Amino acid sequence: MHARGQHVGLGAHLAVHGDDLPLGERGPEHVLVHHAHAVGRDVHDRGHRDADEHEQRRHAAQRRLERRAEPWPETRAHQHDGDDDAQDKHGEPHESLLRWRGAWPPPTLSSFGGRDRKLHQPPPTMPPRRRFRMAWLQVRDALRAPVGTEVTVKGWVRTRRDSKAEGGLSFINVHDGTCFDAVQVVATGALPNYASEVAKLTTHCAVECDGVVVETPKGGREIKASAVRVVGWVDDPDHYPIQPKPHSFEYLREQMHLRVRTNTFGAVARVRHTLSMAMHRFFDERGFFYVHTPIITASDCEGAGQMFRVSTLDWVARLSEPGRGGPTPGSEGRAAHFEQDFFGKEAHLTVSGQLNVETYCMALSRVYTFGPTFRAENSNTARHLAEFWMIEPEIAFADLKADAALAEDFIKYLIQTVLRERPDDMKFFDERIEKGLLTRLGEVVDKPFRHLPYTEAVKVLEGAIAKGQKFEYPVKWGTDLQSEHERYLTEQHFKQPVVLMNYPKQIKAFYMRENDPGTDGAPGPTVAAMDVLVPSVGEIIGGSQREERLDRLDTRIDEMGLPKKEYWWYRDLRRYGTTPHAGFGLGFERAMMFITGMQNVRDVIPFPRTPGQAEF
RNA sequence: UCCUCCAUAGCUCAAUGGUAGAGCGACCGGCUGUUAACCGGUAGGUUCUAGGUUCGAGUCCUAGUGGGGGAGCCA
């Protein structure tokens with residue numbers, strides 16, 4: 001069941017702090033590097049020393065990288081299990097993954113080191129702070145700090161609840177976005193600004209709280225405040241758009257600049273970050289190089305849909321010239337017109353980095369690109385954006401099978417990583433956005449994807465029709481499968497991700513490698529294309545083995561009536577040391593939807609661009 | 001682009017063509033180591049915009065704007 005229409009707001013899920021967060025130990029790794037250095041210098045002669053120092057610097061750099069990627073000892077421990085993390089493969093991994101094995105983090109990790117001092121200085125109107133300065137901890141660290149630790153937390157108020165007991169008592173939930181939960185700060189009437197300020201705090205006031213970590217009567221963790229400084233008030237709390245109550249996603253889209261302050265969009269933002277990092281790590285660990293392909297493309301040959309024009313010409317002035325409707329496509333003035341433009345030819349925003357990344361693949365072997373992609377199509381659905389992010393790996397000396405295997409490993413790696421590193425947010429998605437999400441993702445990780453030739457898929461669908469399954473559109477070999485067909489395969493027939501391979505040639509792009517006749521017993525010519533389809537989201541990956549044979553590629557370009565001249569550099573790749581190669585494109589936002597259970601693509605990207613919407 | 005549904009208080013929604021309502025939120029008070037708190041009270045409205053029908057329009061009609069869902073295209 002999905003949660004369309006379910007309202008998730010600030011008040012929904014607060015203060016599950018502290019329970020069952022045993023403290024871990026700080027690892028000794030940070031001392032090893034220096035020790036190794038010292039030994040190297042003393043023992044070896046100069047010639048060896050250079051080589052050794054080089055080696056040790058390399059190790060040190062490697063360690064630094066590892067530390068940076070994995071700040072917490074407990075996550076590092078998991079990391080060593082890598083892909084074949086036994087815990088993820090055998091029975092009930094999720095409960096254990098969800099438990100926070102808290103570690104006591106070094107305070108510098110969360111306090112920005114030296115800048116701490118500046119940020120701590122109170123505004124002139126406030127009384128000067130006495131005694132000593134407490135460690136500024138992020139909320140996620142404060143929630144795991146040992147009882148008795150003196151801390152400062154800085155963040156925003158989620159809710160405030162008051163009690164008259166003990167001469168005035170306020171419970172302030174403070175969050176700073178570093179984890180799902182807020183920390184509960186307890187302020188008493190003894191604070192000098194209790195009545196004047198603390199008791200008037202409303203949702204999303206910015207505060208700095210000093211205090212000591214204590215155990216609650218119920219065994220949780222909270223901060224007993226010794227000072228609460230209000231940094232920023234909320235004007236007119238009655239009209240503050242994000243109230244501590246459920247809000248619809250539709251409403252929050254109209255408050256795009258504020259919606260990240262809610263539980264749901266905070267969780268989405270953190271998971272999105274974690275997925276980005278996981279993606280880079282996945283490729284880096286496998287020897288891929290990250291290639292920045294261009295955003296602006298002047299080749300008029302992308303052919304993957306409507307494109308956005310990039311121009312420095314004054315189109316508005318031209319369009320308003322009397323007697324002219326501006327430049328019209330195909331008119332004679334057109335070519336002359338673009339010669340005067342910035343790039344000397346017609347330019348657009350990219351619709352795919354694939355053709356560019358292929359050039360790097362033919363020298364670096366394994367590459368990927370990750371960046372924004374633009375489609376000017378007037379599609380208005382829960383799965384389409386005009387600006388979205390796409391990951392496109394390309395591997396040399398590889399066929400379609402290797403491509404599909406890479407895609408499967410990739411998706412599973414992303415899921416495992418996010419379950420391990422964001423258990424709090426994933427638990428929230430499981431409880432409030434899509435019931436059973438964790439079970440579903442666990443099954444995706446555990447089971448091999450179902451591989452199926454397109455030709456077989458058509459037979460499955462025809463079989464289903466014979467058994468009475470109704471489709472709006474007919475199923476016929478040689479036509480693209482409709483949404484309803486894909487949904488039937490992933491949601492009803494196989495109930496898992498499905499990799500469809502070897503599509504009819506006539507419905508696929510020119511660069512896809514033509515298969516030998518009769519592959520899979522297909523009645524017509526096919527190409528080595530594959531789509532990864534997943535339940536509810538649909539197509540999440542589209543990829544193919546590329547046509548590396550120049551003569552075949554030329555034939556395809558001619559058949560499709562494409563301007564061969566424009567492809568001169570792409571064709572060069574086939575003339576000079578061509579190899580079999582393959583790649584795919586994964587829509588990052590669709591992966592987000594699949595992994596979080598969010599139902600609308602506009603809710604998994606910070607500032608969605610859709611037809612008629614670029615307000616924020 | 002096509003089909004379809006919707007637009008009323010800060011939010012979510014009621015109101016048969018006949019006096020504009022509730023819950024939540026905000027504010028005030030009561031109670032309480034509270035935690036989607038609870039109890040009582042107060043304030044809060046150009047019913048999306050522009051026309052039209054009618055004695056009378058939140059309600060019916062026309063057009064526009066904005067939004068949701070589905071389809072196509074795709075990732």
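Values reported hereafter were calculated over all heavy atoms of this structure, with side chains retained and with hydrogens, waters and symmetry mates removed. Proteins come first, then strands; the chains are lettered A, B, ... in the order of their sequence lines, and each starts at number 1. Just so we're clear, the structure is a prediction, and the values are computed from it rather than from any experiment.
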[N] OP1/OP2 closer than 4.0 Å to side-chain N/O of [X]:
| X | N | value |
| --- | --- | --- |
| Asn600(A) | G69(B) | yes |
| Ser379(A) | C73(B) | no |
| Arg602(A) | G68(B) | yes |
| Ser248(A) | C11(B) | no |

I'd like to check the side-chain hydrogen bond (donor to acceptor under 3.5 Å, both in side chains) partners of [X]; sequence neighbours left out, ordered by chain and number.
| X | result |
| --- | --- |
| Asn378(A) | none |
| Asp176(A) | Thr178(A) |
| His485(A) | none |
| Ser544(A) | Arg546(A) |

Minimum-distance nucleotide to [X] side chain [options: [options]]:
| X | options | answer |
| --- | --- | --- |
| Glu250(A) | U34(B), C74(B), G67(B) | G67(B) |
| Gln482(A) | G67(B), G72(B), U12(B) | G72(B) |
| Arg161(A) | A75(B), A71(B), A37(B) | A37(B) |

- Nearest-Å distance once atom P is located in both G58(B) and C2(B): 32 Å
- If the C1' atom of U4(B) is compared with that of U8(B), how far apart are they to the nearest Å? 22 Å
Quick one: list whatever passes salt bridge (charged side-chain N to carboxylate O under 4.0 Å, His left out) with [X], sequence neighbours left out.
| X | result |
| --- | --- |
| Arg609(A) | none |
| Lys505(A) | Glu514(A), Glu559(A) |
| Arg259(A) | Asp603(A) |
| Asp403(A) | none |

Just distance, no hydrogens or angles: give the donor-acceptor pairs under 3.5 Å from side chains in residues 583-597 of chain A, sequence neighbours left out.
{"residue": "Glu589(A)", "atom": "OE1", "partner": "Trp389(A)", "partner atom": "N", "Å": "3.0"}
{"residue": "Glu589(A)", "atom": "OE2", "partner": "Arg272(A)", "partner atom": "NH1", "Å": "3.0"}
{"residue": "Glu589(A)", "atom": "OE2", "partner": "Arg272(A)", "partner atom": "NH2", "Å": "2.9"}
{"residue": "Arg590(A)", "atom": "NE", "partner": "Arg383(A)", "partner atom": "O", "Å": "3.4"}
{"residue": "Arg590(A)", "atom": "NH1", "partner": "Glu539(A)", "partner atom": "O", "Å": "3.0"}
{"residue": "Arg590(A)", "atom": "NH2", "partner": "Arg383(A)", "partner atom": "O", "Å": "3.2"}
{"residue": "Thr596(A)", "atom": "OG1", "partner": "Met592(A)", "partner atom": "O", "Å": "2.7"}
{"residue": "Thr596(A)", "atom": "OG1", "partner": "Met598(A)", "partner atom": "N", "Å": "3.2"}

- Sort out for me which residue in Phe282(A), Phe283(A), Phe410(A) forms a ring pair (Phe, Tyr, Trp, His ring centres under 6.0 Å) with Phe288(A). Phe283(A)
- Task: Go along nucleotides 23-30 of chain B 5' to 3' and tag each nucleotide: B for a protein heavy atom under 4.0 Å from its base, S when only backbone or sugar atoms are that close, - otherwise.
- Result: -BBSS---
Kindly give the atom pairs (protein nitrogen or oxygen, nucleotide nitrogen or oxygen) under 3.5 Å for nucleotides 63-65 of chain B.
none

- Query: Between the main-chain N or O of Val271(A) and the side-chain N or O of Asp425(A), is there a donor-acceptor pair closer than 3.5 Å?
  - Reply: no
- Over how many whole Å does the gap from Asn173(A) atom CG to A37(B) atom C1' extend? 13 Å
- Item | Strand RNA chain B in bracket notation, Watson-Crick/G-U under 3.5 Å with | for pairs to another chain | (((((((..((((....[..)))).(((((.......))))).....(((((..]....))))))))))))....
